[in-house]
Amino acid sequence: MVFIILILLVLIPVALVYWEVRKKNLLVWLGSYFKQDWRPDANQAATKGPRHVMFCFVDHYEPQWLKPSYEVEVKRVARWRQDYPKLCEGHRDADGRPPVHSFFYPEEEYRPEHMNALVELCQMGLGEIDIHLHHHDDTEAGLREKLQRFTNLLVKDHGALPVDAQGRPLWSFIHGNWALDNSHPDGVCCGVNNELIVLREEGCYADFTFPAAPDPCQTSTINKIYYAKDDPAKPKSHDTGMRVKVGGKPSGDLMIIQGPLGFMFKNRKFGILPRIENADVRTSSPPTPDRIDAWVETGIHVEGRPEWIFIKLHTHGTQERDTDTLLGPAMDKAFSYLESKYNDGVNWQLHYVSARETYNIIKAAEAGLTGNPNQYRDHVIPRPTFVPQAGT
């Protein structure tokens with residue numbers, strides 16, 4: 001009897017750990033976490049001068065979340081239009097720039113009045129707009145039609161996206177339900193195995209979807225900036241790729257820009273294992289100083305340029321349960337902490353950047369450019385005009 005009890009005392013914790021590992025899909029990326037292969041080596045880490053922190057906050061901005069009444073949609077958008085400028089008052093980075101919020105707006109939720117409210121924030125220098133999309137059982141033709149129609153509309157009616165020399169819209173992307181390139185193991189929430197190719201050909205220059213943990217769409221590659229090459233016959237071609245590095249060249253089909261992923265060992269609440277740190281900011285996971293320090297410590301960077309650190313966070317900004325956190329004291333304190341600890345001008349310089357500016361600074365690092373990253377905010381992709389082009 002004693003032997004059986006001892007066996008149970010061993011097996012039950014093991015079973016609980018295994019259950020939690022499976023539930024959180026940790027096996028997808030745990031090996032990469034243990035390797036810590038995104039960190040710079042000792043020679044790279046020994047840099048002179050201040051380190052630069054690029055702080056990029058991307059938003060799965062969904063006014064029609066849970067399909068509310070039109071009045072609720074309007075209220076959600078109005079809250080951002082009214083309160084985000086107030087939040088940003090008094091907050092500035094090393095370049096004198098205020099915080100900037102990247103609104104990834106869903107194609108399927110478009111209303112011109114909602115977009116106009118966001119454009120007003122962008123005209124104040126407080127935001128930029130990019131593309132979000134939820135789709136299911138789609139086709140290549142269907143995906144192209146959605147992207148072409150929506151991106152051209154945003155340019156012509158709102159001036160909300162930059163364009164290339166031929167007038168083609170340029171934009172970055174977040175996939176709805178995390179299922180980029182048909183990556184969900186159940187085959188839902190996408191349907192297009194060559195999605196990376198389609199995105200590139202339609203004007204997308206980078207994807208900002210990840211991390212997605214604990215969702216099963218999470219990639220095995222973590223804490224890296226890399227190029228993914230699409231295999232049109234298979235899903236989830238972005239699971240691995242070639243890192244962006246100083247002196248390197250573009251490869252594959254699409255740049256993948258990831259946010260920090262790891263574990264929160266402090267203030268663990270429930271479960272056998274530590275909580276996942278997945279760069280998601282909400283009321284249940286507020287932007288506390290210990291999290292900010294962990295994001296900086298993760299040190300996501302272009303290989304060969306470890307002194308330029310990229311922190312890409314994500315949120316769902318129109319969900320009422322989180323709005324007070326995102327537009328209230330918690331975020332205000334987070335900005336203040338960043339500006340006090342990571343913007344002393346000697347050891348650190350802070351840069352509030354949009355998704356577009358993040359990509360431009362990454363491309364500047366790849367090209368071997370040095371100095372203050374502020375110089376490269378518009379390095380490759382120009383800033384949108386936020387002036388309608390209809391009739392031109």
Legend entry - Contact list for residues 204-222, test salt bridge (Lys or Arg N to Asp or Glu O under 4.0 Å), sequence neighbours left out: none
Legend entry - salt bridge (Lys or Arg N to Asp or Glu O under 4.0 Å) evaluation trace for Arg383 with Glu357: CA-CA 9 Å; Arg383 188 176 188 273; Glu357 290 171 332; 5.9 Å; no
Legend entry - Glu107/Arg149 under salt bridge (Lys or Arg N to Asp or Glu O under 4.0 Å): CA gap, chis, key distance, verdict: CA-CA 9 Å; Glu107 176 273 340; Arg149 174 173 45 82; 2.6 Å; yes
Legend entry - Lys229/Asp231 salt bridge by N-O under 4.0 Å criterion: no
Legend entry - Flag, side chain of Glu303 to backbone of Val244, donor-acceptor distance under 3.5 Å: no
Inset, instruction - Name all pairs fulfilling the ring-ring contact (aromatic ring centres under 6.0 Å, His included) condition that reach into residues 121-144, sequence neighbours left out, sorted by first residue then second. - result: His60-His132, His132-His134, His135-His175
Inset, instruction - Just jot down the side-chain contact (heavy atoms from CB on, under 4.5 Å) partners of Gln123, sequence neighbours excluded, or say none. - result: Val119, Glu120, Phe386
Legend entry - Members sharing Trp65's hydrophobic cluster (side chains within less than 4.5 Å): Leu66
Inset, instruction - Look at the rings of Trp38 and Tyr33 and say which category their plane angle falls in: under 30° parallel, 30 to 60° tilted, over 60° perpendicular. - result: tilted
Inset, instruction - Taking ring-ring contact (aromatic ring centres under 6.0 Å, His included) as the test, write out the residues that go with His379, two or more places apart. - result: none
Legend entry - Electrostatic pair Glu320:Arg76 at N-O distance under 4.0 angstrom: yes
Legend entry - Salt-bridge criterion met for Glu71 and Lys75 (N-O under 4.0 Å): no
Legend entry - Arg305/Glu307 ion pair, N-O < 4.0 Å: yes
Inset, instruction - Could I get the full list of salt bridge (charged side-chain N to carboxylate O under 4.0 Å, His left out) partners for Asp130, not counting sequence neighbours? - result: none
Inset, instruction - Can you label the angle between the Tyr105 ring and the Tyr61 ring as parallel, tilted or perpendicular, going by 30° and 60°? - result: tilted
Legend entry - Pairs involving residues 179-193, ordered by first then second residue, that meet salt bridge (Lys or Arg N to Asp or Glu O under 4.0 Å) (sequence neighbours left out): none
Legend entry - Pairs where residues 180-201 contributes a residue and the test ring-ring contact (aromatic ring centres under 6.0 Å, His included) is met, not counting sequence neighbours: none
Inset, instruction - Would you mind listing every side chain to side chain donor-acceptor pair (under 3.5 Å) that reaches into residues 239-251, with sequence neighbours excluded? - result: Ser220-Asp239
Inset, instruction - List in chain and number order the residues that pass salt bridge (charged side-chain N to carboxylate O under 4.0 Å, His left out) with Glu339, two or more places apart in sequence or in another chain; answer none if no residue qualifies. - result: none
Inset, instruction - May I ask you to decide whether Asp93 forms a salt bridge with Arg97, counting only side-chain N to carboxylate O separations under 4.0 Å? - result: no
Legend entry - Residue that, paired with Trp348, satisfies ring-ring contact (aromatic ring centres under 6.0 Å, His included) out of Trp308, Phe55, Tyr342: Tyr342
Legend entry - Of all pairs that satisfy side chain to side chain donor-acceptor pair (under 3.5 Å), the ones with a partner from residues 363-376, not counting sequence neighbours: Tyr227-Lys363, Tyr227-Glu366, Lys363-Glu366, Asn374-Arg377
Inset, instruction - May I ask you to decide whether Asp378 forms a salt bridge with Arg356, counting only side-chain N to carboxylate O separations under 4.0 Å? - result: yes
Legend entry - Glu297/Arg39 salt bridge by N-O under 4.0 Å criterion: yes
Legend entry - Side-chain ion pair, Glu202 and Arg168, N-O less than 4.0 Å: no
For residues 325-333, dump all side-chain donor-acceptor pairs below 3.5 Å to protein atoms at least two apart in sequence or in another chain.
residue: Thr325; atom: OG1; partner: Thr283; partner atom: OG1; Å: 2.8
residue: Asp332; atom: OD1; partner: His91; partner atom: NE2; Å: 2.5

